[in-house]
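First up is the structure itself, then whatever we jot down about it.
Residue numbers start at 1 and run along the sequence shown.
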Amino acid sequence: RQFNLIYLLLDGEHDVKLGADQLQLSPHDLVIVPENTLYASDHIRNCRGYCIHFKTEFIQPHLTHPLNEEYPFFLFDAPHIINLDEPETMIIQKAFMNIIEEYNRNSVEKDFLLCNLILILLLRIREIYRIRVKEIKNKLTRLEQLAHNFKLLVEKNFLEKRTVNE
């Protein structure tokens with residue numbers, strides 16, 4: 001993918017293949033797919049939610065650092081699916097609705113406004129993400145942490161080299 005993808009699943013059946021992981025999504029799952037990440041879905045049925053995709057270049061002029069430094073959920077080895085509670089879902093849903101509303105409006109400042117609304121969405125996600133990632137990491141055993149880190153190294157090196165030597 002040549003773009004970043006963010007979506008919030010409100011309800012329905014939806015699976016996702018993200019890197020080497022295949023998961024079944026649940027309602028209130030927030031999915032963050034950084035550009036150039038392997039991503040696919042085989043089973044999507046009766047889904048309702050919000051989705052946006054954008055190129056990093058669109059918001060880059062408004063960033064002081066690379067995207068994945070300012071928003072760590074775009075890092076390759078970051079958790080890319082987090083389940084939100086109801087208040088968090090409403091916050092993210094509102095940010096999506098603001099983007100849609102502006103997209104449908106005719107304005108000479110449309111691109112600038114959309115860029116800023118995307119940045120607001122990213123800030124809202126970052127605010128929630130920091131709390132959720134701490135919870136996720138605290139629940140992992142040492143064995144799960146090692147297995148996860150090993151899997152990430154294999155995925156990263158396989159994408160770069162695409163061969164395995166004995």
Problem - Exceeds 12 heavy-atom contacts within 6.0 angstrom, atom CG of Asp42 - result: yes
State, with a plain yes or no, whether a side-chain heavy atom of [X] is found less than 4.5 Å away from one of [Y].
{"X": "Arg105", "Y": "Lys110", "answer": "no"}
{"X": "Leu119", "Y": "Leu63", "answer": "yes"}
{"X": "Phe112", "Y": "His62", "answer": "yes"}

Practice task
Please state whether the rings of Tyr71 and Phe73 are parallel, tilted or perpendicular, taking 30° and 60° as the class boundaries.
Solution key: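 The rings of Tyr71 and Phe73 sit tilted, inter-plane angle from 30° to 60°.
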Can you measure from [atom1] ([X]) to [atom2] ([Y]) and round to the nearest 0.5 angstrom?
{"X": "Ile6", "Y": "Leu121", "atom1": "CD1", "atom2": "CG", "result": "5.0 Å"}
{"X": "Asn116", "Y": "Ile59", "atom1": "CG", "atom2": "CD1", "result": "10.0 Å"}
{"X": "Ile118", "Y": "Glu102", "atom1": "CD1", "atom2": "CD", "result": "11.0 Å"}

[X] (side chain) donor-acceptor with [Y] (main chain) under 3.5 angstrom:
{"X": "Asn4", "Y": "Glu35", "result": "yes"}
{"X": "Glu69", "Y": "Pro66", "result": "no"}
{"X": "His80", "Y": "Ala78", "result": "yes"}
{"X": "Glu70", "Y": "His65", "result": "yes"}

Exercise for the section: For Gln2 and Lys55, work out which heavy atoms get closest and say how close. Expected result: O-CG, 3.8 Å
Problem - His53 ring center within less than 6.0 Å of Phe58 ring center - result: no
Handout entry: His14: ring-ring contact (aromatic ring centres under 6.0 Å, His included) partners, not counting sequence neighbours
Key =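 Residues passing ring-ring contact (aromatic ring centres under 6.0 Å, His included) with His14: Tyr7.
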